[in-house]
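Numbers here simply count residues along the sequence, with the first being 1.
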Amino acid sequence: LMPTGQDHSLNHLTLQDVIDMTGSGKKLTILGDSGDSVGLKNGVTIDDKWVKQLATETDGTHVFDVYTNAHDTAVKILVDQQITQRHIDS
């Protein structure tokens with residue numbers, strides 16, 4: 001999603017954004033590096049919250065932190081661990 005060598009910011013990513021981008025696949029993978037940032041946005045309901053999972057996923061040389069949404073735990077965002085600037089907004 002984010003080309004290397006440039007700084008990119010992806011902010012306010014909601015559950016609906018992920019569903020719109022992934023359809024029935026429900027998994028969004030975000031590649032990047034230390035200059036990039038990712039911000040997830042919690043929904044207004046108590047069960048529409050992003051949660052960082054303890055387990056990671058690996059694909060080739062990339063290790064990803066896994067975020068799921070409490071409203072639909074099948075929806076996943078995989079964030080490359082090289083992206084060091086991350087936050088979850090309420």
Is L78 close to I30 at the side-chain level, that is, under 4.5 Å between some pair of heavy atoms?
no
List the steps and the verdict of side chain to side chain contact (heavy atoms under 4.5 Å, CB included) for Q53 and T68.
CA-CA 7 Å; Q53 301 301 305; T68 58; 2.7 Å; yes
Does the side chain of V66 reach to within under 4.5 Å of the side chain of I77, using non-hydrogen atoms?
no
With the side chain counted from C-beta on, respond yes when I88 and N42 share a heavy-atom pair under 4.5 Å apart, and no when they do not.
yes
With the side chain counted from C-beta on, respond yes when V75 and L15 share a heavy-atom pair under 4.5 Å apart, and no when they do not.
yes
Side-chain donor-acceptor pairs of residues 56-64 under 3.5 Å, sequence neighbours excluded:
unit_1, atom_1, unit_2, atom_2, d
E57, OE2, K76, NZ, 2.7
H62, ND1, D80, OD2, 2.9

Hey, could you give me the CG/NZ distance between L28 and K26, rounded to the nearest 0.5 Å?
14.0 Å
Donor-acceptor pair, W50 side chain versus K41 backbone, under 3.5 Å?
yes
Just wondering, do D36 and Q85 contact through their side chains at under 4.5 Å, heavy atoms?
no
Got Y67 and V18 here, is their nearest side-chain heavy-atom distance under 4.5 Å?
no
For the pair S34 and T84, evaluate side-chain hydrogen bond (donor to acceptor under 3.5 Å, both in side chains) and give the outcome as yes or no after the intermediate values.
CA-CA 5 Å; S34 61; T84 55; 5.5 Å; no
Any donor-acceptor pair under 3.5 Å linking the side-chain atoms of H12 with those of D17?
no
For residues V51 and V38: do they belong to one hydrophobic cluster (side chain heavy atoms under 4.5 Å, members Ile, Leu, Val, Met, Phe, Trp, Tyr)?
no
Taking all non-hydrogen atoms of both residues into account, name the closest pair between I46 and K49 and its distance.
O-CG, 3.3 Å
Residue pair S37 / S9, side-chain donor-acceptor N/O under 3.5 Å:
yes
CG/D7 to CG/D33 distance, rounded to the nearest 0.5 angstrom?
7.0 Å
Between M21 and L13, is the side chain to side chain contact (heavy atoms under 4.5 Å, CB included) condition met? List the steps.
CA-CA 11 Å; M21 287 187 270; L13 194 59; 3.5 Å; yes
Quick one: are V79 and Q81 in side-chain contact, heavy atoms under 4.5 Å?
no
For a 4.5 angstrom cut-off between non-hydrogen side-chain atoms, does D48 reach N69?
yes
